[in-house]
2 protein chains.
Amino acid sequence: MTLTLEDIADMCGVSRSTVSRVINGDLNVSERTRQVVLDVIQKYNFQPNMAARGLAKGHTRILGLVIPKGVQAIFEEPFFAMLIKGVSTRCNALDYSVMLWLAEPDYERRMITKILYNGLVDGVIVASMLMDDTIIDSLQQSKLPFMLIGRHPAHSELSYLDVDNRGGAFQAVTHLLRSGRRRVATITGLQNMIAGIHRYQGYLDALHERDLPVIPELVAEGDFTDTSGYISMQRLLPHKPDAVFAASDTMAMAAMQVIQKYGLRVPDDIAVVGFDDIPEASRITPTLTTVRQPITRIGAVAAETLIDIIETGSTLPRQMVFPAELVVRNSCGAVNL
Amino acid sequence: MTLTLEDIADMCGVSRSTVSRVINGDLNVSERTRQVVLDVIQKYNFQPNMAARGLAKGHTRILGLVIPKGVQAIFEEPFFAMLIKGVSTRCNALDYSVMLWLAEPDYERRMITKILYNGLVDGVIVASMLMDDTIIDSLQQSKLPFMLIGRHPAHSELSYLDVDNRGGAFQAVTHLLRSGRRRVATITGLQNMIAGIHRYQGYLDALHERDLPVIPELVAEGDFTDTSGYISMQRLLPHKPDAVFAASDTMAMAAMQVIQKYGLRVPDDIAVVGFDDIPEASRITPTLTTVRQPITRIGAVAAETLIDIIETGSTLPRQMVFPAELVVRNSCGAVNL
DNA sequence: CTTCTCCGTGGGAGCGCTCCCAAACATATA
DNA sequence: TATATGTTTGGGAGCGCTCCCACGGAGAAG
C-alpha cells in the first residue's frame, strides 16, 4: 500500500494539514516541524496522490498535446518529434506533465470531447494545420485554455504560434532570383494546410517584388510527400525551369533525383531549394539549401505560454510568429551571395 | 462550471448512483431509466471527472511512456515517433491515455520517483536501451507494472519487448557473404546499448558460421550517428573492405558518402548494408539495403501487453522478441539471391 | 394472504487531498 | 494583570466519483 498524507502525519506526530503545508511550501510552519516532516517524506519517498490533489485543487498540472493523425505524412519527418520534445522539456521544467493524444480522424470528435470535459488536463496544445479542422470549434465551446501550433486562417482571435512560412519561402525564392535564376518553378505543399498556402504565397511575393510574371506551367501542386515530389518534378521538367523551390525537403530531394535521372545537374542546370531542414538535407549530395524552422523552440514557447495563460487566467489571445531561416548549402549554386 | 454526476442525476430525477451505473454499464438499470439518463448525458456532453474517478477507483487508465533523453541521437530518427505512434494508437483504442515523459538525465531520478509514486499512471513503458539505467531499479522497487522496450541484459526476469537485432544483423552479413564478399567490415553502434551489442554479435555470428576470421581492422566502433559513420568509414577504407555492415542507416549513409568521395563505387567496389530502414533509405542513390524493425507494432504490443498485466494483475514476466527483416535494395549489389 | 426472491434504486461512507476557520500558545502592548 | 496581536497547529468540510448496504415493490411460491 502506498502512503498517504495522514500516514506521514502520524509518523511525525503532527496533523495532515501540517504535512500538506510543508509539501506546498506554506510559510506558516515552524522550522523545526518542517525539518521533521521533510525527513520523513524523504525517507519514505512520499509523493502526494495526484488524483486526490487534482480533485481538491481543481487543476492537475497536466497539459494535453493533440496531434491530428490526418497529417500522417509528416509523421515520418522530425517535425512532430521535435515539437514533442520542445513541449515536453519545457513542461517538465515547469513541473507540468504532458498527455499525448494522436487523434484518429474517425474517433476524433468523440475523443476530443472526452479530453475537453473530463478535467484531466488544464489546457491543450493543438498541432493542427488543417483548414477545416473541427477541433477548433469544440475547443472554443469548452472553456479550456488552448494554444494552436500554426495559425488558423478563419480565427485570428485565437492564441497561436506559427512559423513565418511566407517569409521563409520569400527568402528562398529571392535567393534564387538574386543568383540569376529566371525560370524559378515551385512544387507547392497541400493547399488545405496553412503552411502549404503560406509557402506558396511567399513564392508569389518574391516574383511580384521583382515584377516577374507567374508562369502557370512552373507551378506544380504537391502534398509534401516524396511521391508527389517525383511526379511534380517530372511534370515541371519539360518547361525548362532553371530552379525549383519545393515546399518540403522531402519533395526537394525527390525533385533532385528526377533532375539527375534525366541527366541534368544540380545546381548547374537546375538549382533546388527545400523547406524544413530535415537532418538528411545536410547529408545528401549536393547538400540541400533549405529553410529552417525553430520547431523545438516553438514547442517550448507553446508550453510556457499556455501555462502562463492557465496560471494567470488571462483571456486575451497570445500570438507569435517565429522567423524561418534560409540555410544556404550547395544545391542552389550560390553559397556566397 | 462543468457538470457533475449529481447534476445529471437531478435533471433525470434519479440518484447519482443510478447515473454512475449507466455510465459504467451496470446491468441493474431498467431500460427506461437508462435511456433517460443517456439522453441527458448526450445532451450536455457530460464526461465524468477523471481525477475523482481515479481517486475513487484507485486506478486512472493512464499509461506512462518514458523515453530517456540520454539517447538523444536517436531522436532525429523515426524510432521514437513510430514507437509513440504505436503506443498511443493502441492505448486510445483500449480507452487508455498516454502520459509522455522525456526523462532528462540530470533530473531523471527525481522525476522517476515522482512518476512512480504519485498514482497518476497505472503502468509504465520504458524505452530504454542503456545498459546502466538506474530507472530499472526504481521501477522494481515501486510495484508499478512496467514494460521494457529492449531487453535489459542484467534482468532477464522482467517483462520486455525486443527486436531480434542479433538475428537481423546476422541476416544482413550473411547476405553479404553469400553474394561473394570476403572482407566484410562493420561499423558498430554504441556498445553500452543492447541494440549496439546485439547487432555486433550478429555480425560475429555470421562470420563464425562460415568459419571466417574476425579481422580487427575491419571493425570500427561507432555510436549510431552520422559523424561517427564518417569517421569510422575513413578509418576502415585503408584496410580494403569489399563490404560494410553499419549498425544504423544513418551511419551506412555516411559511409556511402565517404566511399564515393574516395572515388569508389557502391555497390561495385564496396557493398553497404544498414539497419533501421529509415524513410530516406529507399530514396537515396543507390537505394540502401537494410534491416527493418517493426517499431510501431512493438509499441502497440507493448501497450496492449502492459494493459493486460494491469488488468489481470498477473505477475509473471511477458517477453517477446520480434523478427527483423532484411530489405534488399541496391547498395548491396545482390538483389536477386 | 403471507412469505421469500429478485430486481431496481437511493444514500452513506470513503478515496487522499486542500482550504478555511478556530483553537492554542507565544509575544507585545496598555 | 489584562488585552491585543501574531504565529503555529488541528480538524471539519468538501472536491466528484465508486462501492456497498439497505430498502421498497413486483412477481413467484407456499
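Since we're looking at a predicted model, the values are computed, not measured. Naming convention: chains lettered A, B, ... in sequence-line order (proteins, then strands); numbering from 1 in each chain.
Looking only at distances, no side-chain donor or acceptor of B:Thr60 sits under 3.5 Å from a matching main-chain atom of B:Gly54. Between the side chain of A:Thr305 and the backbone N or O of A:Val301 there is at least one donor-acceptor pair closer than 3.5 Å. Here the side chain of A:Arg21 pairs no donor or acceptor atom with the backbone of A:Asn28 at under 3.5 angstrom.
Regarding A:Arg53, its CZ atom lies at a distance of 16 Å from the C1' atom of C:dC15, rounded to whole Å. Taking atom CE of residue B:Met50 and atom P of nucleotide C:dG16, one finds them 19 Å apart after rounding to whole Å. The interatomic distance linking A:Lys57 (NZ) with C:dC15 (C1') rounds to 19 Å, in whole Å. A straight line from CD of B:Gln35 to C1' of C:dG8 spans 17 Å, rounded to a whole angstrom. Spacing between atom CD1 of B:Ile8 and atom P of D:dG16 amounts to 13 Å, rounded to whole angstrom units. When the C1' atom of C:dG11 is taken as reference, atom CD of B:Glu6 falls 10 Å away, rounded to whole Å. Taking atom CG of B:Asp26 as the reference point, atom C1' of C:dG10 lies 14 Å away to the nearest angstrom. Rounding to whole angstrom units, CD1 of residue A:Ile23 and C1' of C:dT18 are separated by 11 Å.
With respect to the salt-bridge test (charged N to carboxylate O, under 4.0 angstrom), the residues B:Lys57 and B:Asp122 do not qualify.
Taking CZ of A:Arg297 as the reference point, atom CZ of A:Arg90 lies at 8.0 Å (rounded to 0.5 Å). Distance check, rounded to the nearest 0.5 Å: CG of A:Leu161 to CD1 of A:Ile125 gives 9.0 Å.
For D:dC15, neither phosphate oxygen OP1 nor OP2 lies less than 4.0 angstrom from any side-chain nitrogen or oxygen of B:Asn49.
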Within the 4.0 Å limit for protein heavy atoms, which parts of nucleotides 7-14 of chain D are touched? Write it as a string from 5' to 3', B for base, S for sugar-phosphate only, - for none. -SBBBBBB
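At the heavy-atom level, B:Phe46 lies under 4.0 Å from the strands shown only through sugar-phosphate atoms.
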